[in-house]
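As the structure is a prediction and not an experimental result, all values here were calculated from the model. Throughout, protein chains are lettered first and strands after them, A, B, ... in sequence-line order, and every chain is numbered starting at 1.
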Amino acid sequence: MIDLIHFTIIIPLVGFLINGLLGRKIKNEKVIGAIGSGAVGIAFIIALGALFQLLSLPESERSQVVTLFNWFSVGNLEINFAYLVDPLSITMALIVTGVGFLIHVYSIGYMHGDKGFWRFFTYMNLFIFAMMNLILGDNFVVLFLGWEGVGLCSYLLIGFWYDRKFEKGTVAQAAKKAFIVNRIGDFGFLLGMFLIYLTFDSLNFTEVFSKAASGAVPEATFTLIALFLFIGATGKSAQIPLYVWLPDAMAGPTPVSALIHAATMVTAGVYMVARTSIIFASAPAIMTVVVIVGILTAFFAATIGLVQNDIKKVLAYSTVSQLGYMFVACGVGAFSAGIFHVMTHAFFKALLFLGAGSVIHGMHEEQNIQNYGGLKKHMPVTYLTFIIAAFAISGFPGLSGFFSKDEILWYSYSNFSLGLWIIAALTAVMTAFYMFRLVSLTFFGEERFDHHKVHPHESPKVMTVPLMVLAFLSVFGGYIGVPELFSGEGGNKFHHWLEPVFAAANGRLAENAEHSHFEEILLMALSVSAAIIAMWFAWKIFTTNKELAEKTSNKFKGLYNILFNKYFVDEFYEKAVISPINKFSEGFLWKIADVRLIDGFVNGTAGLIDNISGTIKRLQNGIAQFYAVIMMTGIAIILFWIIFSL
Amino acid sequence: MGNIIINDLWSFLKPEIFIAGGIFIILLADLVIRDNRKAIHFTALIILIAAFASALLQMGTESFIFYLGKGNNHGLLAVDPMSTFIKLITIFSTILIVIFTITSEEFKGSKFKSGEFYTLLFGMLLGMLLLSSGADLIIIYVSLELLSLSSYVLAGFIAGSNRSSEASLKYVIYGATSSGIMLFGISILYGLTGTTNLYAIHTILVSPHVNYLTLGLSILMIFIGIGFKISAVPFHFWTPDVYEGSPLPVTAYLSVASKAAGFALLIRFIKVGFISSVGTNGFWNFYENFDWQLFLIILSIASMTVGNLTALWQNNVKRMLAYSSIAHAGYMLLAIAVLSEKGMLAFLVYIAIYMFMNLGAFYAVMLVANKKGNEEISSFAGLGYKNPYLAFGLSIFLISLTGIPPTGGFIGKLYLFIALLDGDMYWPALIALLNTVISLYYYVRIIKEMYLTKALDDTTIETSKTELTFMFALVAPILVFGIYFTPLVNFCTNFVRILGF
């Protein structure tokens, strides 16, 4: 199946072409949905086959390149359309196609009756195509192709309902914001790529990484490359300072938020950092930057999440915060822990978004949780699966989120410092709190919606079955990565599986001091109990004692306002970046540089060319004799030139 | 002429034999089935496809044909990869021209005699095929005349059209003048060396006893004949008038195929006659004291600059494309002027893509002219809304002609610039680059007309499915080669070699 890996990319492309070219004519939603989901489903099966084949190979052979064709070779640069199958890429491929398939199926129900039904599935398949290129590409160019492709699809899908209003602006503006902010990151990534080519004379992963591992490159170069790559990652994976696009990305349909802005695309930055782990491991300064950016993002996004009232906004900030965790893991050198969290997060965050979609669907497009309440009995399946996901993300013992988050917390202490652990644990407590605030306000307490207008109802099977599958994965998905504390030496299968990919990076990183199991148990017990208390507390307040919540928020009105307005970061960017750029653009670039200098120069040149060409044109006057004269003059001049040059 | 081996003829001259035979077949068919125009179109296509296939089959072969004898192992014709490539280009563009002819409105009337048309077209093609292989000045001259005489008639093929007759007459006058000068040059060269065979001339010129002034004069005179064919400045004056007046399929044919053959002659003339060896780095070493490279560079720069600057003013799209083809000849001449294997590769890549994009542009213009009866730029107003498919196709051709990615035209320019920089020709590269910028203006002007200008009338411009399919068959390679160009470049790399080097 490894040899067939390119079909995981081609089949979604075929789905995209069929729905894109014929979707308008097919019209039948079932057919379009079946083509769209089927394409991703088949890709998943192939990826699964490749996984089993990879497992059957000895560890040293678990990195195979499937070359399709030579794309171009100019000078020394040779770029193949080739795909790399190794534990890391196949893990990501399974997440993308697996969760992607479930979300495609769910969308058949969610998008039912939308006038752009075919367009939706077209974009979704294009997204899977681009994402698979990003993940499986065997060189930076194919990765970049996918990187830009997912950015495009993200733009198209955020702006899917381009004619609707969103918050203070329009959906189209939100899409534009996502695209522009991402472009800033992409620019960094491009610079990193150029620098890699200059340094290693190649853009092929295998070649670059082996040259990077062999030493001979100064640390300063690594630092610069890693910095540029990380700027790219902060754009795509919504980290400080480029995270501002992700909350606005919620303007898109909910399945899009689940697939692109929670489970897959936003983790591309984490994947890229993990893929280039050897470069990051060679740049300790940037590793520290990654940790700091990651933990700040995790912490501040969680605080914002505490007070938001839009169900999708809460989940969006939660996503930003969880992505911060993943970067913390990478920054402290625990790359496989980061990827493990990518996987479990894909399960429960996709579930949360799809559950939220189900609620929004049942509540007639209402998204404000203050207008929900008591939905438990109206939507039993959604309720049950949603609460499982909430337990999982809060790190409740035994669920998937517990294993992955706890691992990150542990490494943040053992590989870095106690201070980092404290902030990370605090973030975990806040996560538990805002998740259960969300659960309580939505599913428990009194019904706060207008019964005459809104009739909450459970969603159809095509939507609830994917929820159940994801709920199952959110519960049991973590058991492939049980920490060695419980499973004994070498018992963490997931670690072991990814180990060869990160071997070079791990070899370069400094050895950390040994820590006892006692410390590990103590810290785990502390964080878990704090999180459970927070969960109980949130549930208690928001279900039975809402006045207390209001009182508290009134008491800390200043702080509440800051959080509710997301630290005024958007406003700050507006004042500090956008408006100066606008002013500078208008006052200098446009009125002086463009109008006077550039236009002046261009118009002047054009005028000059106009004059010259006007003269030349007159030579071509249609009179044969005149032509002959000029031709002979030309010949005579050349002849004199020959004579004099001898 | 000693030993002509029939076997050799058959194995190396199949394309020429097919086309020569084709002339007779078409003439006969014209007598028998005169009224069945379709059958004649069809016969012509079959013959051309057979010739194309046989040219493909002789890929990679190298040999002289028609040996001179007397212990001399040079021949009149040289079959080698470069000539095979030019044969492929010329035959393929003839196939495309036949399809042009079938859909052309100018050739719809009862006055159009398809039998005669194809006889002349095949005569032209035969001339080109022989020209690209010609290794002897006599055969070069004869095939050049075969090519020219047929094209004079084709340029004036629409009986009763003043425009067409004027074009034909001007073409004859200039053709006769330049071929006369060329013949004079050939005779001087013969007087200097005592032979007409290029390979033999090569051996004689190595000796330092040649009078360089006389030699320079004769080369210049021969070059005038070549410059006329590739319409290099200042031998280009006939081009716009003839291109504008000729029937559109003939114009398209002149702009691609006959230029390709002219370039083939130029390459062989330079490389066989005046290059002492090819260095290990792929650069050609001269043994002349006159700087022919500078001469070629100046002519190429003059061609592209004059072509582009004059094109800016044209309001007739056909005439604009005529100037644009002068500019493109300049780019190709510049690729050859690098005088290196990389330059040759750049030339081959360029002309292959040029064939698709230039013929495509002419075809799209023809489809509009079919309905409008003229090629004025105002006829294109609002085409983007009247016929979006046609407008899209034409836009791709124009963008490719400018050389903007992701089209094949960009790849052609890319390899040209790589070759230029490789040969340390920074100034010519810069001028070529500026020229590309200028050309953007007039190409985009058509696109602007199609999408931003409101149509003055509401006549529809309809195209049949077959016509659109054919046009998109030309769009496809441009877009594919724009992104995935390795196969094309690899293909062309096989054809850089010339017999003897």
May I ask you to check whether over 12 heavy atoms, not counting those of A:R24, lie within 6.0 Å of atom CZ?
no
Do A:F72 and B:Y484 have their ring centres less than 6.0 Å from each other?
no
Give a yes or no on whether B:F472 atom CZ has more than 12 heavy-atom contacts from other residues, nucleotides or ligands under 6.0 Å away.
yes
Is the CZ atom of A:F179 crowded by more than 12 outside heavy atoms at less than 6.0 Å?
yes
Point-to-point distance, once rounded to the nearest 0.5 Å, from CG of B:L220 to CD1 of A:I638:
5.5 Å
Would you indicate whether the side-chain heavy atoms of B:I224 and A:M631 approach each other to under 4.5 Å?
yes
Under the salt bridge (Lys or Arg N to Asp or Glu O under 4.0 Å) definition, can you give me all pairs with a residue in residues 128-153 of chain A, not counting sequence neighbours?
A:E148-A:R183
Is chain A contacted by the side chain of B:L488, its backbone, both, or neither, given a heavy-atom distance below 4.5 Å?
neither
Flag the one option from B:I173, B:L217, B:L169, B:V306 with the top tally of heavy-atom pairs under 4.5 Å to chain A.
B:L217
Surrounding CZ of A:F69 (heavy atoms of other residues, nucleotides or ligands, distance under 6.0 Å), is the total greater than 12?
yes
Using 0.5 Å steps for rounding, measure from the CD1 atom of A:I635 to the CD1 atom of B:I181.
4.5 Å
Approximate separation, where rounding is to 0.5 Å, of A:Y627 OH and B:W238 CH2:
12.5 Å
Most contact-rich option vs chain A, by heavy-atom pairs under 4.5 angstrom, among B:V489, B:I483, B:I418, B:T177, is B:I483
May I ask you to name which of B:Y415, B:Y441, B:Y174, B:F235 has the most heavy-atom pairs under 4.5 Å with chain A?
B:Y174
Other residues, nucleotides and ligands only: do more than 12 of their heavy atoms fall within 6.0 Å of NZ on A:K211?
yes
CG of B:N162: more than 12 outside heavy atoms within 6.0 angstrom?
no
What part of B:Y323 lies closer than 4.5 angstrom to a heavy atom of chain A: side chain, backbone, both or neither?
side chain
Counting heavy atoms not belonging to B:K342, are there more than 12 under 6.0 Å from its NZ?
no
For B:T305, which atoms come within 4.5 Å of any heavy atom of chain A: side chain, backbone, both, or neither?
neither
So, the part of B:F223 with a heavy atom under 4.5 Å from chain A: the answer is neither
Would you say A:Y155 has more than 12 foreign heavy atoms packed within less than 6.0 Å of its OH?
no
Walk me through it: do A:I630 and B:F237 pass the test side chain to side chain contact (heavy atoms under 4.5 Å, CB included)?
CA-CA 9 Å; A:I630 296 184; B:F237 281 103; 3.4 Å; yes
Closest contact, heavy atoms only, A:G634 versus B:P234
CA-CG, 4.2 Å
